[in-house]
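Only one structure is covered here, and it is reproduced in the block below.
The figures here come from the full heavy-atom set of this structure, side chains too, leaving out hydrogens, waters and symmetry mates. None of these values were measured; they are calculated from a predicted model.
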Amino acid sequence: MIAEILLIVLSGVAAVFDLEYRKIPNLVIATGIFCGLFLCQEPKTILIRCIGIVFVFLFGMFQLMGMGDLKLWMAIVAFVGFSRSCFIIVGAAILLLGYAWFFVPGSKQTIKLTLRQLSLKNVQVFEQKEFPFAPFIFASCVLYSILRSLHVC
């Protein structure tokens, strides 16, 4: 329960910084990684989560996400592990796409770009400067915590 509360606080703080400055401070990320790993009870779990953090860092070499968002993902891995963090990030991406499709003027262009990306033809890096990703990660973390409290996941 404490880990989920800290995860929501961490992602909320990151969301505020991302909305305000389009940047997530390294201090927020470092604090999140430290707290997430500190809450682990077994050395094996700490090692597995550290491997997950390194994997996410290496995934960043493909430049499919901004580094701040990627570092926030690493902090989430420290709290919930790699596989559960993937559900949070995919949930955030779905929320972002839903927002872009239904609430942003010119959504037809966004839908065309998304479908082109999904077809894997001419894949391009998706520039999402208009949409900071951390607020969607925050919403996804809240949704994850609600589902965990209901014992759904």
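Put simply, the side chain of K23 does not reach to within 4.5 Å of the side chain of F17, judged on heavy atoms. In this structure the side chain of T31 reaches within 4.5 angstrom of the side chain of C35, judged on heavy atoms. Between F59 and L70, some side-chain heavy-atom pair lies under the 4.5 Å cut-off. Side-chain contact between D69 and D18 is present, with heavy atoms from C-beta onward closer than 4.5 Å.
Shown here are the ring-ring contact (aromatic ring centres under 6.0 Å, His included) partners of Y99, two or more places apart in sequence or in another chain: F131, F136.
A distance of 12.0 Å separates CG in L95 from CZ in F138, rounded to the nearest 0.5 Å. To the nearest 0.5 Å, atoms CD1 (I53) and CD1 (I46) are separated by 10.5 Å. Note that CZ of F102 and CG of L97 are 10.0 Å apart. Values are rounded to the nearest 0.5 Å. Distance OH/Y144 to OG/S85: 9.5 Å, rounded to 0.5 Å. I48 contributes atom CD1, which lies 8.5 Å from atom CD of E42 (distance to the nearest 0.5 angstrom).
Heavy atoms only, all atoms of each residue included: A78 and C40 are closest at O-SG, 4.2 Å. Counting all heavy atoms, side chain and backbone alike, S140 lies closest to I88 at OG-O, 2.7 Å. Residues I76 and C141 share a closest heavy-atom pair of CD1-SG, 4.1 Å. Nearest approach of A3 to F79, heavy atoms of both residues: O-CD2, 3.6 Å. When every heavy atom of L7 is checked against every heavy atom of V80, the shortest pair comes out as CD2-CG1, 3.9 Å. In plain terms, the two heavy atoms of A75 and I33 that are nearest each other are CA-CG1, 3.6 Å.
A single hydrophobic cluster is not seen to contain both I94 and F87; linkage of ILVMFWY side chains at heavy-atom distances under 4.5 Å, directly or through other members, places them apart. Tracing side-chain contacts under 4.5 Å through hydrophobic residues (I, L, V, M, F, W, Y), one never reaches F38 starting from M1; they form parts of separate clusters. By the criterion of side-chain heavy atoms lying less than 4.5 angstrom apart, applied directly or through intervening Ile, Leu, Val, Met, Phe, Trp or Tyr residues, L27 is not grouped with Y21; the two fall into different hydrophobic clusters. Connection of L37 to V9 is established within a shared hydrophobic cluster, with ILVMFWY side chains joined at heavy-atom distances below 4.5 Å, either directly or through further cluster members. There is no path of hydrophobic side-chain contacts, each under 4.5 Å, that joins V16 to L10.
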Test log, rule ring pair (Phe, Tyr, Trp, His ring centres under 6.0 Å), inputs F82 and F55: CA-CA 9 Å; F82 179 73; F55 180 79; 5.1 Å; yes
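Without hydrogens or angle criteria, R22 side chain to P132 main chain gives no donor-acceptor distance under 3.5 Å.
In the displayed structure, M61 atom CE is contacted under 6.0 Å by more than 12 heavy atoms of other residues, nucleotides or ligands. By the 6.0 Å contact criterion, CD1 on I2 is open, its count of non-hydrogen atoms from other residues, nucleotides or ligands being 12 or less.
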